[in-house]
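Notes follow the structure.
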Amino acid sequence: MAPWNRQVEEMPPDELRRLQYRLAKALVQRVYETSEFYRRRMKEHGVRPDDIRSLADIGKLPFMYKRDLRDNYPDGLFCAPKEELVRYHVSSGTTGKPTVVGYTRHDIENWSESLARGFSSCGLGRGDVLQVSYGYGLFTGGLGVHYGAEKVGATVLPTSVGNTERQIELMQDLHTTAIACTPSYLLHLGEVAEKMGVSIRDDTDLRIGILGAEPWSEQMRSRIEDWLGIRAYDIYGTSELSGPMFTECSEQKGIHIWGDLALAEVVDPETGEVLPPGERGELVITILQKEAFPMIRYRVGDITVMDEEPCACGRTHPRIHRIQGRVDDMLIVRGINVFPSQVEHALLEIPEVGRHFQIVVDRKGALDAMLVRVEVSEEAFSDKITDLMMIRKMVEHRLRSSLNVGVDVELVEPGTLPRFEGKSKKVVDRRSL
Amino acid sequence: MEKSYIVKQISIFSENRPGRLAAIAGALRDAKINIFAFSIAEANGFGVVRALVDRPEDAHRTLTDLGFRVSFTDVIGVKMRDEPGGLSEVASVLGDAGINIEYAYAYSGRDGAVLILRVDQVEDAVRQILDRGGELLKASLFR
């Protein structure tokens, strides 16, 4: 399909870099003037807007981290007047405080533009019916994809998450041609369809999957494509950057990062040194035109490789490879980010159980299942099974409400859980992608 | 008076996996503690082992030192006739008095059958049983 915005998408690389420089310089100037946070941070780092005299000078700016969002909760990083905001999204933080992201009308417009380009590059457009099976609400996935799809003129079927049998019925009745969801959910949907006697390949019009919000692999792509008879594309983003924002093109060889909207760098996670294309490191993103919630050199925590080779699709914007892991201990469970520190924080407020825990993540069928093992405290131990069952239910409920994802809790004997810090013992991930 | 019939049962939290009962029983054996009666209550993934032993304080200390989660629970042991109707007699006394049984287990030994009960109003239960001519295990048996 033709590019959504050919002039921008096929801009010569030199011109794109000049545009990025102008946008970056304007961004730095603007946040320095409007934001206490950025001004203080830049002063501490001994850098002024005038010091940005080339695109490479962006490297002089300090990094931003997830903890900056927590420390400035709820709106300390906002750079637009409150009345200019048209939307909030909220995601989980690393501990008790969530992360709040705000958008101006222009920000929503750019977010939708970014996805409109991506969807077009996967061959999705007018005449398509896109079933959005990402969660709608505080999570960015549902509404983000929704606006992008409407922009390209596709018909959106906003099914959100859950009720899989109904999703399959609607997919048949309304002739869904594309679905946006997590790859594991699509596998689950395929399995449920088979149990209902429906073949996605033969009995539906589905031809495209826009899949993301969790790590997946080339093997998983082949499995999905071969089994369901569709083309499966990777979509990437995090709430700090707006939400799902960038996708693969029809070449399926990396995710185009629209250079006029975002500046992507890959750095050595230890030293912060910028790595040349082709080297594996941590993704760092600057969102160039964001008004409400700019992010400058944000350390996303995802591990990838930058690819600046020309793409066969003709688009000149750089690509990143499929995400290969995390630099921290973040887990993604059913598309939701979970930090072990959140579990720790929640447990500290529940005296009935100790503060030690172990997280076990596994796949039940195609879907993720998360188990948290905790020790019953001495004070709370009752010899009545019903009391212990109530404690377990209560802990499940409390964890669910602070993590935004369903959790099973197992009560274990005291002293049996790992006492020492370290991901290797606190988190057991049995999923294979 | 009633108090002298209230017996200290030890309750031990146990994961539901092979070897846990053996670990508990082995620890009591090594401490030369005799088990009169025990039961296991199970839920999904875990259970509670409840036991009447000859030296409950020692048993509590021994198991706690080994890392087990242990508590004492007040129970009573009612002697039953070891013949048809024995249980019915005891249960009727408590039912008539409006005393609820939370859980129970029983053993039958040389000196007849004993029903071990956890009830919601333990002193009331003791009084009712004694008033109706019933016989209870004395707490002094367990030291």
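Computed from heavy atoms alone, side chains included, the values below leave out hydrogens, waters and symmetry copies. Numbers restart at 1 for each chain; the letters A, B, ... are given by sequence-line order, proteins then strands.
Surrounding CE of A/Met390 are at most 12 heavy atoms belonging to other residues, nucleotides or ligands under 6.0 Å away. The local environment of CD in A/Glu218 is crowded, with over 12 non-hydrogen atoms from other residues, nucleotides or ligands closer than 6.0 Å. Sparse packing is recorded around CD of A/Glu165, with 12 or fewer heavy atoms of other residues, nucleotides or ligands lying under 6.0 Å away. Shown here is A/Asp429, whose CG atom has more than 12 heavy atoms of other residues, nucleotides or ligands within 6.0 Å. Counting non-hydrogen atoms of neighbouring residues, nucleotides and ligands closer than 6.0 angstrom, the CZ atom of B/Arg127 exceeds 12 such neighbours.
When B/Arg17, B/Arg69, B/Glu15 are each tested for a side-chain contact (heavy atoms from CB on, under 4.5 Å) with A/Val412, only one passes: B/Glu15.
Residues satisfying the ring pair (Phe, Tyr, Trp, His ring centres under 6.0 Å) criterion with A/Phe357, sequence neighbours excluded, are absent altogether. For B/Ser108, the side-chain contact (heavy atoms from CB on, under 4.5 Å) test picks out B/Asp82, B/Ala113, with sequence neighbours left out.
Considering every non-hydrogen atom in both B/Ala43 and A/Met389, the closest pair reads CB-SD, 3.6 Å. When all heavy atoms of A/Phe381 and B/Ile12 are compared, the pair lying nearest together is CZ-C, 3.9 Å. Nearest heavy-atom pair across B/Phe68 and A/Glu413 is CE2-OE1, 3.9 Å. Contact record, A/Arg392 with B/Asn44: NH1-O, 2.7 Å, taken as the closest heavy-atom pair.
For B/Ser14, the parts sitting under 4.5 Å from any heavy atom of chain A are the backbone and the side chain alike. Interface residue B/Val70: only backbone heavy atoms are found under 4.5 Å from chain A. Both the backbone and the side chain of B/Ser71 come within contact range of chain A, each with at least one heavy atom under 4.5 Å from a heavy atom of that chain.
Listed by first then second residue, pairs satisfying ring-ring contact (aromatic ring centres under 6.0 Å, His included) with a partner in residues 82-136 of chain B number zero, not counting sequence neighbours.
Among the candidates A/Pro414, A/Gly415, A/Ser382, the residue making the largest number of heavy-atom pairs closer than 4.5 Å to chain B is A/Pro414.
To the nearest 0.5 angstrom, A/Asp383 atom CG is 5.0 Å from B/Arg118 atom CZ.
Within residues 368-378 of chain A, the residues having any heavy atom less than 4.5 Å from a heavy atom of chain B are, in residue-number order, A/Arg373, A/Val376, A/Ser377, A/Glu378.
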